[in-house]
There are 2 protein chains.
Amino acid sequence: MSSDLTARARIRDAAIKLFAERGVDGATVRDIAQEAGVSSGLLRHHFGSKEGLRDACDEWALSELTKISGRFTDFRTLDGLTPRVMLLQRYLIRSTMDGSPTGAAIFDRMLEYGEQWLATTDLKVADPRAFVAVLSVMKMSMFTMRDLMSRALGADVTEPAAWARMLQASLDLFSQPLITPEQALQARAALDRLAAEAGEDAS
Amino acid sequence: MSSDLTARARIRDAAIKLFAERGVDGATVRDIAQEAGVSSGLLRHHFGSKEGLRDACDEWALSELTKISGRFTDFRTLDGLTPRVMLLQRYLIRSTMDGSPTGAAIFDRMLEYGEQWLATTDLKVADPRAFVAVLSVMKMSMFTMRDLMSRALGADVTEPAAWARMLQASLDLFSQPLITPEQALQARAALDRLAAEAGEDAS
DNA sequence: ACTCCGGCTACACGCTTGTGTAGTAGGCTG
DNA sequence: CAGCCTACTACACAAGCGTGTAGCCGGAGT
């Protein structure tokens, strides 16, 4: 299938796949080497270390995604949402959660884009920074919680069909208010009370 | 501070803290023992194995949370949202993501509660199951993505102040539609096109 | 007073991890 | 043809992991 690629490329692909599946710590050098059909020593030869491999994967995934769509962080660009692209996104998010500096930088850029987008809307937002952060994190969660989502839907959300079902649901979710203004006010008041208590405790 | 507790209880607390922080695989038996101020052998003596310890933590966290509020999965019950409760929730969610059967069962119950709640509203939802699943996963993401959230806000969201800021933002987010019906329709159409393509490929 | 048992520690074992090293095959370049 | 650099493998190493075992200690039961 992809055995006509360079060994180096095969290692990279295998690493992205396994890192995305099991996390950076969960995927071992030997597993990646076996998945790529090479010895574990070759991995070290090409990438220096596991950390080096992760960096290379970060860089490559980022460049591939930006090559496809200039602002890949905006998930409204649904065209070209191939399984391959989904995998790359899933990898980058996972790598970010596992402490990748590249990922952190990407997250910062997501926030930046998000704040720009927010400025174009007429949404009433008290704390834009927090708003965009929460929104970003929630969008990412559909990637990170793959197992739970699959369990809930009874289908692997890596497959386009279940994936589409999930995105449809997210559209339902974002196109209408889930709580009434009164409920929001109530909750807000409760939060303020909580914050006041915390303040007292601290003093 | 909590050194007047049983050694067994101290181990449990230390495990919950470290599991929540670093994940089940990331926290080692020796680290937990040291955090609790005991030998690693005692851990085995009381809980049999690391897996046994995790099970005990799951069970305890669940019972503590249900003791506080019958339906703790509903995060609208803000009263009594102490740092302790936040930690327990964070632990359970993390444990769930790391493959805990107890956690999976809890997630199922969350979905059940969610669908009941959804029935009481007049929201237009095409796929209730997927809707509730996405919503649940998104709520959980505020716990799981602690590091990224803290980075975005410039403050530790484990602290009540930043935590409240985050929840306020989530209220903003859920109390108004983020995309217009037209945008939703457009996106929906794009998704259908995508699904159709995928169907063709499969045939 | 003796025993016994549960809480508790110290230490060792086997395994897996990432990494380091030595060496081989093969296609360039002189 | 000789030299050599690069891709690549096989094997060894130290460290850290979860787990297993042997034994110490003090208080309760008889």
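Naming: A, B, ... by sequence-line order, numbering from 1 per chain. Since the model is a prediction, treat every value here as computed from it, not as a measurement.
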Is it true that B:D147 and B:S150 share a donor-acceptor pair across their side chains at a distance under 3.5 Å?
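Their side chains do not contain a donor-acceptor pair, so the 3.5 Å distance test is not met.
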Please determine, by modelled atom types, if A:S100 and A:R54 share a side-chain donor-acceptor pair under 3.5 angstrom.
no
How is [X] classified with respect to the nucleic acid when contacts are heavy atoms under 4.0 Å: base, sugar-phosphate, or nothing?
{"X": "A:S49", "result": "sugar-phosphate"}
{"X": "A:T28", "result": "sugar-phosphate"}
{"X": "A:A33", "result": "nothing"}

For the pair made of [atom1] in [X] and [atom2] in [N], what is the distance, rounded to whole Å?
{"X": "A:L42", "N": "D:dA7", "atom1": "CG", "atom2": "C1'", "value": "7 Å"}
{"X": "A:L43", "N": "D:dA10", "atom1": "CG", "atom2": "P", "value": "15 Å"}
{"X": "A:L53", "N": "C:dT17", "atom1": "CG", "atom2": "C1'", "value": "15 Å"}
{"X": "A:I32", "N": "C:dT19", "atom1": "CD1", "atom2": "C1'", "value": "14 Å"}
{"X": "B:R10", "N": "C:dT9", "atom1": "CZ", "atom2": "C1'", "value": "14 Å"}
{"X": "B:R22", "N": "D:dC17", "atom1": "CZ", "atom2": "C1'", "value": "14 Å"}
{"X": "A:D25", "N": "D:dG16", "atom1": "CG", "atom2": "P", "value": "15 Å"}
{"X": "A:F47", "N": "D:dC8", "atom1": "CZ", "atom2": "P", "value": "11 Å"}

Determine whether any donor atom in the side chain of B:R30 lies under 3.5 Å from an acceptor atom in the base of D:dG18, or the reverse, and answer yes or no.
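When only heavy-atom distances are counted, B:R30 does reach the base of D:dG18 through a donor-acceptor pair under 3.5 Å.
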Is there a side-chain contact between A:H45 and the phosphate of D:dC8, meaning an N or O under 4.0 Å from OP1 or OP2?
no
Say you draw a straight line from CG of A:L92 to SG of A:C57; how long is it, rounded to the nearest 0.5 Å?
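The distance works out to 9.5 Å.
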Quick one: pull up CG in A:L87 and CZ in A:R94 and give me the separation to the nearest 0.5 Å.
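One finds 12.5 Å between CG of A:L87 and CZ of A:R94.
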Picking from [options], which would you name as closest to the side chain of [X]?
{"X": "A:V29", "options": "C:dT19, D:dT19, D:dA7", "answer": "C:dT19"}
{"X": "B:K50", "options": "C:dT9, C:dG18, D:dG18", "answer": "D:dG18"}
{"X": "B:H46", "options": "C:dG7, D:dA7, D:dT9", "answer": "C:dG7"}

Given A:R165 and B:D127, is the salt bridge (charged side-chain N to carboxylate O under 4.0 Å, His left out) satisfied, shown in steps?
CA-CA 8 Å; A:R165 200 177 150 203; B:D127 185 344; 2.5 Å; yes
Given DNA chain C, 5'-ward residue of the pair A:D31 and A:G41, judged by closest heavy atom
A:D31
